[in-house]
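What follows is a single structure, written as structure tokens, with notes after it.
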Number of protein chains: 2
Amino acid sequence: MGTTERRQREKEQRRMEILSSAREIFFAKGLEGSTMDEIADKAELSKGTLYLYFKSKDELYVSLLSEGTEIFTNMMLESISQDMKAEDKLRSIGNAYYRFYDEYPQYFKILFLLQHGEFSDDKVDQDIQSNCMFEAGRSLNLIESILNEGVEQGEFTIKDSWQATLFVWAAANGVFTIAAEKHHEFMKEFNTKELLDFTMDKIISSLK
Amino acid sequence: MGTTERRQREKEQRRMEILSSAREIFFAKGLEGSTMDEIADKAELSKGTLYLYFKSKDELYVSLLSEGTEIFTNMMLESISQDMKAEDKLRSIGNAYYRFYDEYPQYFKILFLLQHGEFSDDKVDQDIQSNCMFEAGRSLNLIESILNEGVEQGEFTIKDSWQATLFVWAAANGVFTIAAEKHHEFMKEFNTKELLDFTMDKIISSLK
DNA sequence: GTAATATTAGTCATCATATGACTGTCAGTC
DNA sequence: GACTGACAGTCATATGATGACTAATATTAC
């Protein structure tokens, strides 16, 4: 009796369809600028149905953040291989970040540019919220473990690896945040990838 | 508000899924040998749902007949072009029939081999029933109009074009019915296409 | 031959999912 | 500070799906 599985599949599919419509709307108009009616319209569903699949507008949005973070983290993880030196791993995830910035500008924007206040627990399901956190955590853990590995192999000299992790993260993040604002009048031209490479050089030499 | 269209689409899709499952089962086991439970199973739907889309087992089956007849007739129609001589048109639809026999053996089987008694009006929706008839009629009409055209162009000499139509139809049908029984012990080997060509020659010369 | 059993087309009470008019809230306007 | 419009979220209703059940027929057992 495969009807149960089929229905499960169809449910998951519908969820995806809603997410997909929400993505288009949110990417185009941001959290505040988008309405549930609009999303329902795009999904060719009634608004009530959205609430059958997502607790709130916020939950829908956080689900997208979660998606983005997952893509991001996977790109980092897939960019490195076990036989690399710690230094090369760091450069590699820097490049992965660049590719994410380049290939998924919309996700980059909602994840790192738009500050997304707090999402209250009663509006966003715990599972979804924590998946988002978990995915974000994986990136930082990856960096920390690379730093620790670098210390073990004698490549780096670091006292507090968590502090160093945050430093690396902040520095890299800073590059892309600036890059995203390139178009501002007051900002002189620069090449993002070159700035990133330069920054990675500096970061790495400072860790040695 | 596109929800209505979307639901219409999904309904049509579900109908197709059911037909598709029914096709597999009916082709494999025939009308009697197949059960609604089996079809429901394959479609990953409950039996009740089948009856939401089709009035009866017979209606499901007739829908397949209808499908087959439509394919058949379209192949005939598409095989000829207006600038052909009547004789060539006849040969062309003969070849189209051969292709149908060859490419859709299952449809050929349920349409021409299995005798499908009568389907009572209260078991099969009028629309579906008559679509099937209509499609079948198109083939015969096509033949008749070719014959008439042949008479007008002086290619053929026929008194009763409807009688002649049935003759052509019966002769061609006969070839494929025999062909389908090739495998019988008592039957000597022969090449179906050659037999068809030979038959078409005879038919055509007899019409002149 | 017929009683017991099995099979299966078709039904229907119940459940699951989807709908959109409606409510409450809040920001902007007069 | 009353009025308006926009919008997140609700809920009574409608639509669609389910499968245990019934009745009719076929098959087996005696």
Side-chain angles (χ1 to χ4, degrees), chain A residues 1-19 21-22 25-26 28-64 116-125, chain B residues 1-19 21-22 25-26 28-64 116-125:
Chain A
M1 200 243 298
T3 74
T4 324
E5 301 157 45
R6 193 209 81 234
R7 281 165 77 178
Q8 203 48 47
R9 265 197 333 266
E10 285 179 353
K11 223 163 164 176
E12 184 53 28
Q13 234 170 285
R14 182 123 295 171
R15 201 189 132 89
M16 287 305 176
E17 283 164 19
I18 294 172
L19 265 175
S21 301
I25 305 285
F26 280 139
K29 315 196 172 184
L31 175 57
E32 300 300 338
S34 311
T35 73
M36 289 299 267
D37 285 295
E38 245 178 324
I39 293 169
D41 236 47
K42 167 133 292 185
E44 289 179 300
L45 290 166
S46 77
K47 184 156 60 158
T49 305
L50 301 195
Y51 286 93
L52 245 39
Y53 289 82
F54 298 90
K55 218 162 150 176
S56 68
K57 187 182 177 186
D58 281 357
E59 180 163 310
L60 202 35
Y61 192 74
V62 172
S63 300
L64 285 180
H116 18 71
E118 269 309 287
F119 295 103
S120 62
D121 278 7
D122 60 329
K123 290 225 164 191
V124 181
D125 190 89
Chain B
M1 200 242 298
T3 72
T4 324
E5 300 157 47
R6 192 208 81 233
R7 280 163 79 179
Q8 203 49 47
R9 269 200 326 270
E10 286 178 352
K11 223 161 160 175
E12 185 51 29
Q13 234 171 283
R14 181 123 299 171
R15 203 188 131 89
M16 287 306 177
E17 284 164 18
I18 293 171
L19 265 175
S21 302
I25 305 285
F26 280 138
K29 313 194 173 185
L31 175 56
E32 300 300 338
S34 310
T35 73
M36 289 300 265
D37 285 295
E38 243 179 325
I39 294 169
D41 236 48
K42 166 133 294 184
E44 290 180 297
L45 290 165
S46 76
K47 184 157 59 159
T49 304
L50 300 195
Y51 286 92
L52 243 41
Y53 289 82
F54 297 90
K55 219 162 148 175
S56 66
K57 186 182 177 187
D58 281 357
E59 180 163 311
L60 202 36
Y61 192 73
V62 172
S63 300
L64 285 181
H116 20 68
E118 268 309 285
F119 295 102
S120 63
D121 277 8
D122 60 331
K123 291 226 167 191
V124 181
D125 190 270

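Basis for what follows: all heavy atoms, side chains included, without hydrogens, waters or symmetry-related copies. In what follows, chains carry the letters A, B, and so on, assigned in the order in which the sequence lines appear, proteins first and then strands, with residues in each chain numbered from 1.
Between B:E44 atom CD and D:dG16 atom P the separation is 21 Å, expressed in whole Å. Look at CG on B:L50: it is 16 Å from C1' on C:dC12, rounded to the nearest Å. The distance from atom CZ of A:F54 to atom C1' of C:dA18 is 16 Å, rounded to the nearest whole Å. Atom P of nucleotide D:dC7 and atom CZ of A:F26 are separated by 13 Å, given to the nearest angstrom. Note: CD (A:Q8) to C1' (C:dA16) measures 13 Å, nearest angstrom.
Considering only residues two or more places apart in sequence or on other chains, B:K29 meets the salt bridge (charged side-chain N to carboxylate O under 4.0 Å, His left out) condition with B:E38. By the ring pair (Phe, Tyr, Trp, His ring centres under 6.0 Å) test, A:F26 is found to be paired with A:Y61, residues two or more places apart in sequence or in another chain being considered. Taking B:K11 as the reference, nothing meets the salt bridge (charged side-chain N to carboxylate O under 4.0 Å, His left out) condition, with sequence neighbours excluded. With sequence neighbours excluded, the residues forming a side chain to side chain donor-acceptor pair (under 3.5 Å) with B:T49 are B:S46, listed by chain and number. Every salt bridge (charged side-chain N to carboxylate O under 4.0 Å, His left out) that A:D37 has, sequence neighbours left out, goes to A:K47. B:R9 pairs by the side chain to side chain donor-acceptor pair (under 3.5 Å) definition with A:E44, not counting sequence neighbours. Remark: B:R6 engages B:E10 in a salt bridge (charged side-chain N to carboxylate O under 4.0 Å, His left out) (not counting sequence neighbours). Partners of A:D122 by side chain to side chain donor-acceptor pair (under 3.5 Å), not counting sequence neighbours, listed by chain and number: A:S120. Under the side chain to side chain donor-acceptor pair (under 3.5 Å) criterion, A:E59 pairs with no residue, sequence neighbours left out.
Under 4.0 angstrom from either OP1 or OP2 of C:dT19 there lies at least one side-chain N or O belonging to A:S46. Remark: B:R6 is not in phosphate contact with D:dT15, judged by side-chain N or O atoms under 4.0 Å from OP1 or OP2. Side-chain nitrogen and oxygen atoms of B:T3 include at least one within less than 4.0 Å of the OP1 or OP2 phosphate oxygen of C:dG20.
Contacts of residues 11-18 of chain A with DNA chain D (heavy atom under 4.0 Å): none.
In the set D:dA17, C:dT17, C:dT19, the nucleotide with an atom closest to the side chain of B:R7 is C:dT19.
Between the side chain of B:K57 and the backbone N or O of B:L31 there is at least one donor-acceptor pair closer than 3.5 Å.
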Using a 4.0 Å cut-off on protein heavy atoms (strictly under), produce a 5'-to-3' string for nucleotides 5-10 of chain C with B for base contact, S for backbone-only sugar-phosphate contact, and - for none.
---SBB
Nucleotide by nucleotide, nucleotides 23-29 of chain C touches protein heavy atoms under 4.0 Å in the pattern (B base, S sugar-phosphate only, - none) -------
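At a threshold of 4.0 angstrom between heavy atoms, the contacts of B:Y53 are confined to the sugar-phosphate backbone, with no base atom among them.
Pairing each heavy atom of A:S21 with each of A:I39, the nearest pair is CB-O, 4.0 Å.
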